[in-house]
Amino acid sequence: MPELPEVETIRRTLAAHIKDSRIKDISLIWPSAVCGWKDKGFKELVLGRRITRLDRRGKYLLIRLDEEMTLIAHMRMTGRLNYYPDHREPEKHTHVVFTLEHGEVHFSDVRKFGRIQAIPTSLCIQESSLSKLGPEPLEPEFTPIVLKDHLAKKRVALKAALLDQCVLAGLGNIYVDESLFRAGISPQRQANTLSEEEIKQLHKSIQDVLQAGIDARGTSFRDYRDANGEKGQFEQALQVYGRGGKPCRICGKTLERLRLAGRTTVYCPKCQK
DNA sequence: CTGTGGCCCTGGACGC
DNA sequence: TGCGTCCAGGGCCACA
């Protein structure tokens with residue numbers, strides 16, 4: 001499930017292939033995967049435009065086109081963007097094929113949750129799902145003070161607060177659990193009760209885990225692949241996610257599994273207070 | 001404000 | 001082997 005490190009890896013691998021290329025054709029195999037803007041259809045907005053750069057905001061991939069157009073892509077759980085240098089028949093779950101000057105980009109998604117929206121770049125921030133996003137965790141704007149201020153308003157469980165994209169953009173179930181483990185803080189703690197020291201530790205853990213995830217080119221627990229179809233390597237570094245019932249790698253105590261904010265949550269009852 | 005649960009989806013794991 | 005059931009979950013929305 002692509003979270004910040006996976007989307008960043010997709011961004012990098014895709015950009016290497018498609019930057020400066022023109023979109024010559026679009027095949028909408030499952031048209032619901034895309035949406036246009038106002039009364040303009042997706043094809044109308046996108047066809048013939050050149051890809052100028054790729055950005056990322058939280059878990060959203062932003063494909064910038066010329067004439068001030070942006071494609072906002074969200075993979076949700078199982079979405080993929082694959083680049084192929086040569087023509088290739090769409091696979092079973094491929095919903096959109098972009099034919100470029102050199103090669104093709106296939107958007108596929110087994111569970112059909114992922115979407116690509118076309119929107120004028122000037123409206124990208126205020127009139128899209130990007131508008132409510134919190135700070136970027138790896139940018140200088142994200143400081144322990146910012147984290148503290150955002151958490152101070154939340155009376156919910158810390159895990160729920162960190163999954164909230166308004167608090168912080170880009171964390172999902174995997175990296176929240178991993179961050180909390182590294183910070184030694186329980187996911188059940190009320191978000192606004194952390195001490196200064198705990199905030200600092202959590203801030204550092206979030207940045208460290210995300211950077212390590214990017215360095216490992218993402219986590220391929222189930223479905224994730226980058227634009228070249230390659231798996232990430234971060235799965236082997238996971239300390240708690242997917243390890244419920246197994247021994248903690250630090251203290252040996254059995255990792256506990258519980259349901260929090262509607263998500264499976266794994267933590268060490270001894271290492272995390 | 002907050003928590004919960006449903007919705008969108010399919011494939012894989014599991015039980016009988 | 002085959003069938004039914006459950007689970008995975010990001011974002012959004014309705015509801016208590």
Side-chain angles (χ1 to χ4, degrees), chain A residues 1-11 29-35 56-62 72-81 90-96 106-117 119 124-125 127-134 136-137 149-180 187-193 210 213 218-225 231-232 234-235 238 240-246 255 257-267:
Chain A
M1 40 234 79
E3 302 178 25
L4 189 151
E6 290 76 36
V7 178
E8 178 61 21
T9 304
I10 293 170
R11 187 190 72 79
I29 299 165
W30 186 61
S32 303
V34 302
C35 68
R56 180 192 54 74
R57 180 77 173 93
K59 301 174 197 172
Y60 294 87
L61 180 68
L62 309 177
I72 305 177
H74 200 301
M75 310 295 146
R76 297 293 178 98
M77 265 83 69
T78 51
R80 291 185 190 178
L81 280 166
E91 290 172 5
K92 188 178 174 189
H93 299 293
T94 298
H95 306 314
V96 185
H106 291 210
F107 176 66
S108 63
D109 187 355
V110 168
R111 263 174 268 188
K112 294 185 168 179
F113 290 175
R115 292 289 182 274
I116 305 178
Q117 178 187 12
I119 188 169
C124 207
I125 293 175
E127 288 193 30
S128 74
S129 24
L130 305 182
S131 62
K132 297 174 198 155
L133 292 182
E136 274 298 316
D149 289 347
H150 277 83
L151 291 181
K153 300 171 200 152
K154 309 290 276 186
R155 307 170 67 113
V156 296
L158 185 53
K159 162 102 183 200
L162 294 177
L163 282 174
D164 185 344
Q165 302 298 297
C166 310
V167 170
L168 202 56
L171 292 187
N173 209 26
I174 298 176
Y175 292 95
V176 166
D177 278 10
E178 294 298 314
S179 297
L180 288 170
Q188 300 175 87
R189 284 278 296 281
Q190 193 174 308
N192 60 1
T193 64
L210 291 176
T219 304
S220 292
F221 198 75
R222 288 193 179 79
D223 304 283
Y224 162 74
R225 298 289 187 278
K231 288 185 166 196
F234 197 62
E235 185 184 338
L238 296 178
V240 286
Y241 181 84
R243 299 195 66 243
K246 293 180 179 164
L255 297 176
R257 190 191 287 121
L258 58 90
R259 206 147 175 94
L260 212 47
R263 299 284 176 262
T264 300
T265 301
V266 183
Y267 73 105

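Throughout, a chain's letter reflects where its sequence line sits, starting with A, and its residues are numbered from 1.
- Between A:His93 and the phosphate of B:dC9, there is no side-chain N or O to OP1/OP2 separation shorter than 4.0 Å.
- For the residue pair A:Tyr241 and A:Glu235, no side-chain donor N or O sits within less than 3.5 Å of a side-chain acceptor on the partner.
- Distance from the side chain of A:Val156 is smallest to B:dT2 among C:dG10, B:dT2, C:dG9.
- One can place CZ of A:Arg111 at 10 Å from P of B:dG12, the figure rounded to the nearest angstrom.
- If you take CG of A:Leu130 and P of C:dG10, they are 18 Å apart, rounded to a whole angstrom.
- A:Phe107 pairs in a side chain to side chain contact (heavy atoms under 4.5 Å, CB included) with only one of the listed residues (A:Ile29, A:Val96, A:Thr94, A:Val34), which is A:Val96.
- Looking only at atom types and distance, the side chain of A:Tyr175 has a donor-acceptor partner in the side chain of A:Thr219 under 3.5 Å away.
- The listed nucleotides are B:dG11, C:dG9, C:dG11; the one nearest the side chain of A:Arg76 is C:dG11.
- Taking atom NZ on A:Lys159 and atom C1' on B:dT4, their separation rounds to 16 Å, with Å as the unit.
- Regarding A:Leu163, its CG atom lies at a distance of 11 Å from the C1' atom of C:dG11, rounded to whole Å.
- Distances shown here put a side-chain N or O of A:Gln165 below 4.0 Å from the OP1 or OP2 atom of C:dG11.
- We find that the ring of A:Phe113 and the base of C:dG10 stack, their centres lying under 5.5 angstrom apart and their planes tilted less than 30°.
- The residue A:Tyr241 sits close only to the backbone: its heavy atoms come under 4.0 Å of sugar-phosphate atoms, none of a base.
- The CG-P distance, from A:Asp164 to B:dT2, rounds to 10 Å in whole Å.
- Within the structure, every side-chain polar atom (N or O) of A:Lys132 is placed at least 4.0 Å from both OP1 and OP2 of C:dG11.
- Contact annotation for A:Thr264: backbone-only contact, meaning every heavy-atom pair under 4.0 Å involves sugar-phosphate atoms and none involves a base.
- Closest to the side chain of A:Tyr60, out of C:dG11, B:dC9, B:dG11, is C:dG11.
- Within the nucleic acid shown, A:Arg259 comes within 4.0 Å of sugar-phosphate atoms alone, with no base atom in reach, counting heavy atoms only.
- Nucleotide C:dG10 holds its C1' atom 11 Å from the CG atom of A:Asp109, rounded to whole Å.
- Which of C:dG11, C:dC12, B:dT10 sits closest to the side chain of A:Lys112 comes down to B:dT10.
- Taking a cutoff of 4.0 Å between a charged side-chain nitrogen and a carboxylate oxygen, A:Arg263 and A:Asp177 do not qualify as a salt bridge.
- The pair A:Arg56-A:Glu8 counts as a salt bridge, with a side-chain nitrogen and a carboxylate oxygen less than 4.0 angstrom apart.
- Using a 4.0 Å heavy-atom cutoff across all strands shown, A:Lys92 reaches sugar-phosphate atoms only and no base atom.
- Taking atom CZ of A:Phe107 as the reference point, atom P of B:dC9 lies 13 Å away to the nearest angstrom.
- If you take CG of A:Asn173 and C1' of C:dG9, they are 8 Å apart, rounded to a whole angstrom.
- The pair A:Lys154-A:Asp164 meets the salt-bridge criterion, since a charged nitrogen lies less than 4.0 angstrom from a carboxylate oxygen.
- For C:dG10, the base has a donor-acceptor partner in the side chain of A:Arg263 [N/O atoms by modelled type, under 3.5 angstrom].
- Residue A:Tyr224 places no side-chain N or O under 4.0 Å from the OP1 or OP2 atom of C:dG9.
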